[in-house]
Amino acid sequence: MTDDVATPSQTPHLAWRDPALSAEARVDALIREMTLVEKAAQLYGVWVGASDEGAEVAPHQHDMEAPVDLADLLPDGLGQLTRPFGTVPVDPALGALSLMRTQERITAANRFGIPAVAHEECLAGFAAWGATAYPVPLSWGATFDPGLVREMATAIGRDMRAVGVHQGLAPVLDVVRDARWGRVEETIGEDPYLVGTIATAYVQGLESAGIVATLKHFAGYSASRAGRNLAPVGMGARELADVILPPFEMAIRESDVRSVMHAYTDTDGIPSAADDRLLTGLLRDTWGFTGTVVADYFGIAFLKTLHGVAGTFGEAAGAALAAGVDVELPTVKTFGSPLLDAVQQGLVSEELVDRAVRRVLLQKTRLGLLDPDWSPIPPVLRGADTTADTDALRSTVDLDPPANRELARRVAERAVVLLRNDGTLPLDARTPRRIALIGPNSAVPTAVLGCYSFPVHVGGQHPGIDLPTLHEALVAEFPSAEILVARGTGIDDAGTEGFTEALALARRADVVVAALGDRAGLFGRGTSGEGCDAGSLVLPGAQQQLLDALLDTGTPVVTTLLAGRPYALGRGADESAAILQAFFPGEAGTAAIASVLSGRTGPSGRLPVTVPRHPGAQPSTYLASRLGHTSEVSSIDPTPAFGFGHGLTYTTFDWTDLAVEDTEVPTDGEVRLALTVTNTGDRAGTELVQLYLHDPVASVVQPVQRLVGYVRVDLAPGEGKRIHVGVPTDLASFTGRTGTRTVEPGELELRLSASSTEPRLIAQVVLTGPVRHVDHHRRLHADFEIHPQACG
């Protein structure tokens with residue numbers, strides 16, 4: 001074991017500063033010079049809050065952490081700075097200055113001059129005061145547009161990197177298993193292929209901007225029993241392998257992701273933070289991941305306090321290190337003195353510390369933090385006088401520029417889903433009419449924000465960005481209309497005192513826009529968000545009663561949902577004139593909704609989650625086996641009101657001329673299909689061609705169908721396009737009885753569908769030849785090619 005106290009001497013040999021050497025050689029040289037205490041210091045963060053005066057960051061105290069004295073810690077070094085921008089409201093320029101000065105202090109204090117990695121949340125944009133609030137991940141899923149999501153993530157990453165941040169704690173790759181779970185808004189959807197493709201695109205964008213992306217939560221968090229946050233998970237090995245893990249596998253294979261965060265939960269009695277089969281055997285040894293594994297906040301301590309698999313914090317630290325966790329977040333708890341004591345007592349091997357610190361220092365080296373020309377000055381402050389009066393810097397950095405707002409608008413517009421329309425929509429903006437805007441989300445600026453947006457997550461009187469209410473958006477979109485507004489009820493109010501005024505306005509109106517849904521919050525302070533789980537999928541509070549009463553007025557009702565999860569709408573599912581679903585669509589969300597209402601924007605979003613017909617038919621996603629569908633032996637019918645992938649447009653499409661190149665294909669081959677999609681309406685529109693696989697007979701029970709591909713097709717009125725699809729038989733693989741991934745011979749159906757409930761064309765094929773085993777090198781995607789359709 002090395003000595004725990006460094007000898008005050010000249011700086012050691014600087015091989016680790018030499019960019020001409022490999023990163024591995026540099027890190028090995030550095031580790032040889034470090035004491036145990038210095039190595040351990042690289043394995044934890046400190047939760048800080050940047051100063052709005054540009055001073056050094058100050059430790060942020062939390063009810064789950066002990067006070068931290070930076071002066072005592074910094075001489076040994078520091079691995080991470082936790083959320084300097086996302087802890088308190090701070091002007092971006094002064095926050096960057098504060099972070100710069102803190103990095104100067106950190107590098108001056110430790111004998112190697114190693115800076116810290118600064119990380120932030122970015123689930124719906126950079127979670128900092130004044131930064132663009134983009135739609136939440138569930139809206140990303142609703143776009144079915146990886147390219148647009150990649151573009152958004154690149155913009156988010158650029159803003160973070162510009163102010164000195166290195167790592168983003170996103171995206172969430174949890175696949176929704178029960179929509180009652182409060183964190184559904186943070187997920188991309190209920191299908192692993194959709195989650196994988198959208199999340200991978202987000203990672204690619206973030207990493208291209210120089211930000212370390214973090215896949216979370218690895219793995220199984222979303223499958224907690226009864227949709228309760230941080231509840232036990234009881235899934236079997238095949239559900240884990242075929243539903244939960246594929247998005248992570250795809251992101252690791254197809255992006256340069258550099259970090260993974262373990263999940264809070266335990267699965268079949270094994271906490272993720274102490275699961276070496278998951279964090280080392282699968283993640284590293286099989287998939288080849290080489291980055292860092294970071295703890296979800298307080299997750300290592302939870303091995304003792306919540307899971308009960310460690311008797312002391314030192315045991316918890318040893319178990320996490322042995323499993324493959326490298327960094328403790330958000331602050332030092334178990335990787336400090338408990339870990340050091342355990343190593344000194346021979347209870348934890350120092351080799352585990354060396355393994356983790358090597359990964360951490362390799363990442364810092366590749367970030368350029370150990371280079372001789374590294375500078376703590378972030379890009380936004382280069383050329384600025386950082387020694388002058390800080391007031392001169394205030395308001396000089398814009399994290400919500402016009403280009404960001406335009407991008408947020410495009411994402412929001414593409415994510416709005418039209419669930420139902422009897423012809424009431426679109427509403428011509430030029431026609432004089434009386435619109436009654438009624439509901440708890442009618443005039444609330446933050447109704448468009450999820451729980452990890454800065455104004456909701458941190459709070460404050462001034463959000464730092466412009467958040468037009470739905471009322472303001474309708475006034476702007478419909479200048480010829482008279483807009484009547486009534487709240488009716490609160491989001492989760494039980495009373496009906498406001499109904500009288502609301503119903504009177506509804507009766508006077510030509511059309512009602514019912515603004516319903518959620519209030520994002522944390523740990524019970526909202527109806528959606530982390531720790532805000534739902535007992536059922538009834539609209540919160542008295543909103544269903546309000547909707548029913550509005551339907552009874554006889555005025556056409558356009559039910560408009562600003563929400564973090566899908567809700568059963570009772571009568572509203574069938575009796576609303578139209579239904580718009582927007583999953584917390586961000587700062588441009590109300591304008592996006594208004595533009596879809598008027599028809600200025602054609603709706604093109606599709607459901608990333610099922611909308612149930614009955615609020616108690618949960619947990620249920622479309623990925624159900626035959627026993628999960630309606631039957632004569634149960635009084636509960638899980639048939640949805642609107643299926644996964646559903647979404648209407650303002651035009652119509654014909655799907656024709658299906659051609660199958662060969663109906664018999666070997667188990668190591670590829671099925672070639674082609675079809676034509678034609679816009680038969682008088683408006684431009686976007687059709688989403690979804691490819692589902694149905695396996696009638698398999699050696700283990702399979703979902704009735706599962707998504708294996710999709711493509712957006714933009715069509716002008718009367719235009720047709722020929723779509724060619726190559727479907728590798730690898731996509732038919734599943735985890736068999738022996739635990740290996742298998743492609744079996746036999747019949748298959750490839751369903752070309754408008755949604756999980758709307759098949760349009762079906763190709764029946766037969767796989768021939770032997771059973772085939774595939775691994776993590778298998779093909780993951782169908783190939784789509786779109787060609788103009790010749791006229792005549």
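Values in this document were obtained by computation on a predicted structure and should not be read as measured data. Values below: every heavy atom of this structure, side chains too, minus hydrogens, waters and symmetry copies.
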For [X] against [Y], the heavy-atom pair lying closest together:
X: Leu546; Y: Gly488; answer: CD2-CA, 4.3 Å
X: Ala486; Y: Ala502; answer: CB-CA, 3.8 Å
X: Ala133; Y: Leu449; answer: CB-CD2, 3.6 Å
X: Ile491; Y: Gln543; answer: O-NE2, 3.0 Å
X: Thr651; Y: Asp682; answer: OG1-N, 4.0 Å
X: Phe584; Y: Leu562; answer: CE2-O, 4.1 Å

Using atom types as modelled and distance alone, determine if a side-chain donor or acceptor of [X] lies under 3.5 Å from a backbone N or O of [Y].
X: Glu190; Y: Thr610; value: yes
X: Arg430; Y: Ser480; value: no
X: Arg683; Y: Gly599; value: yes
X: His694; Y: Val704; value: yes
X: Gln690; Y: Gly645; value: yes
X: Arg571; Y: Leu569; value: no
X: Arg565; Y: Asp533; value: no
X: Arg613; Y: Thr639; value: no
X: Trp129; Y: Val88; value: no

Between [X] and [Y], is any pair of side-chain heavy atoms under 4.5 Å apart?
X: Val596; Y: Leu418; value: no
X: Gln705; Y: Ser756; value: yes
X: Arg177; Y: Leu623; value: yes
X: Phe454; Y: Pro463; value: no
X: Leu230; Y: Ser224; value: no
X: Val513; Y: Ile435; value: yes
X: Glu186; Y: Cys451; value: yes
X: Leu467; Y: Ile465; value: yes

Discussion item. Are Tyr221 and Trp181 an aromatic pair, judged by ring center distance below 6.0 Å?
Written reply: yes
Practice prompt. Inspect the contact between Asp492 and Arg519 and indicate whether a charged nitrogen and a carboxylate oxygen are less than 4.0 angstrom apart.
Written response: yes
Discussion item. Between Glu413 and Arg410, does any NZ, NE, NH1 or NH2 come within less than 4.0 Å of an OD or OE carboxylate oxygen?
Written reply: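 Looking at Glu413 together with Arg410, the answer is no, because their closest N to O distance does not fall below 4.0 Å.
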Quick check for you: to the nearest 0.5 Å, what is the distance between [X] atom [atom1] and [Y] atom [atom2]?
X: Leu597; Y: Asp428; atom1: CG; atom2: CG; value: 13.0 Å
X: Glu687; Y: Phe653; atom1: CD; atom2: CZ; value: 5.0 Å
X: Asp178; Y: Leu537; atom1: CG; atom2: CG; value: 7.5 Å
X: Thr132; Y: Asn404; atom1: OG1; atom2: CG; value: 3.5 Å
X: Ser139; Y: Ile188; atom1: OG; atom2: CD1; value: 11.5 Å
X: Asn679; Y: Thr686; atom1: CG; atom2: OG1; value: 9.5 Å

May I have the list of side-chain donor-acceptor pairs in residues 419-427 shorter than 3.5 Å, sequence neighbours left out?
from	atom 1	to	atom 2	distance (Å)
Arg420	NE	Asp574	O	3.4
Arg420	NE	Ser576	O	2.5
Arg420	NH2	Asp574	O	2.8
Asn421	OD1	Gly423	N	3.2
Asn421	OD1	Thr424	N	3.3
Asn421	OD1	Leu425	N	3.1
Asn421	ND2	Leu425	O	3.0
Asp422	OD1	Thr424	N	3.0
Asp422	OD1	Thr424	OG1	2.6

Practice prompt. For the residue pair Thr680 and Thr678, confirm or rule out a side-chain donor-acceptor distance under 3.5 Å.
Written response: no
Fill in: Glu472 and Thr590 side chains, donor-acceptor separation under 3.5 Å
no
Item to complete: Take Leu752 and Arg760 through the side chain to side chain contact (heavy atoms under 4.5 Å, CB included) test and state the conclusion after the steps.
Response: CA-CA 6 Å; Leu752 295 152; Arg760 296 293 175 83; 5.6 Å; no
Item to complete: Evaluate the side chain to side chain contact (heavy atoms under 4.5 Å, CB included) criterion for residues His471 and Ser442: first the C-alpha distance (whole Å), next the side-chain angles of each, then the deciding distance (0.1 Å), finally the verdict.
Response: CA-CA 6 Å; His471 178 208; Ser442 297; 5.6 Å; no
Practice prompt. Decide yes or no on side chain to side chain contact (heavy atoms under 4.5 Å, CB included) for Asp510 and Arg434, but give the supporting numbers first.
Written response: CA-CA 5 Å; Asp510 299 306; Arg434 184 175 291 155; 3.7 Å; yes
Worksheet item: Heavy-atom count around Ile762 CD1 within 6.0 Å, excluding the residue itself: above 12?
Response: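 More than 12 heavy atoms, drawn from other residues, nucleotides or ligands, come within 6.0 Å of this atom.
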Discussion item. Can you tell me if Arg228 has over 12 outside heavy atoms packed within less than 6.0 Å of its CZ?
Written reply: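 No.
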Fill in: Pair Phe642-Val417, side chain to side chain contact (heavy atoms under 4.5 Å, CB included): steps then yes or no
CA-CA 11 Å; Phe642 304 101; Val417 186; over 6 Å; no
Fill in: Among Val557, Thr559, Val558, side chain to side chain contact (heavy atoms under 4.5 Å, CB included) partner for Val512
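In the set Val557, Thr559, Val558, the residue that makes a side chain to side chain contact (heavy atoms under 4.5 Å, CB included) with Val512 is Val557.
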Worksheet item: Picking from Leu484, Leu437, Val485, Thr555, what satisfies side chain to side chain contact (heavy atoms under 4.5 Å, CB included) with Leu505?
Response: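 Between Leu505 and the candidates, side chain to side chain contact (heavy atoms under 4.5 Å, CB included) is satisfied uniquely by Leu484.
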Item to complete: Just do the side chain to side chain donor-acceptor pair (under 3.5 Å) check on Thr187 and Asp174 with the steps written out, would you?
Response: CA-CA 6 Å; Thr187 73; Asp174 293 296; over 6 Å; no
Worksheet item: Excluding sequence neighbours, so at least two apart, what forms side chain to side chain contact (heavy atoms under 4.5 Å, CB included) with Arg487?
Response: Asp493
Worksheet item: So Arg751 and Glu758, salt bridge (charged side-chain N to carboxylate O under 4.0 Å, His left out) or not? Walk me through it.
Response: CA-CA 9 Å; Arg751 300 174 176 178; Glu758 301 166 272; over 6 Å; no
Item to complete: List the steps, then state whether side chain to side chain donor-acceptor pair (under 3.5 Å) holds for Tyr452 with Glu530.
Response: CA-CA 9 Å; Tyr452 269 83; Glu530 185 174 0; 2.7 Å; yes
Discussion item. Can you tell me how the ring of Tyr692 sits relative to the ring of Tyr622, calling it parallel under 30°, perpendicular over 60° and tilted otherwise?
Written reply: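 Plane angle over 60°, so perpendicular.
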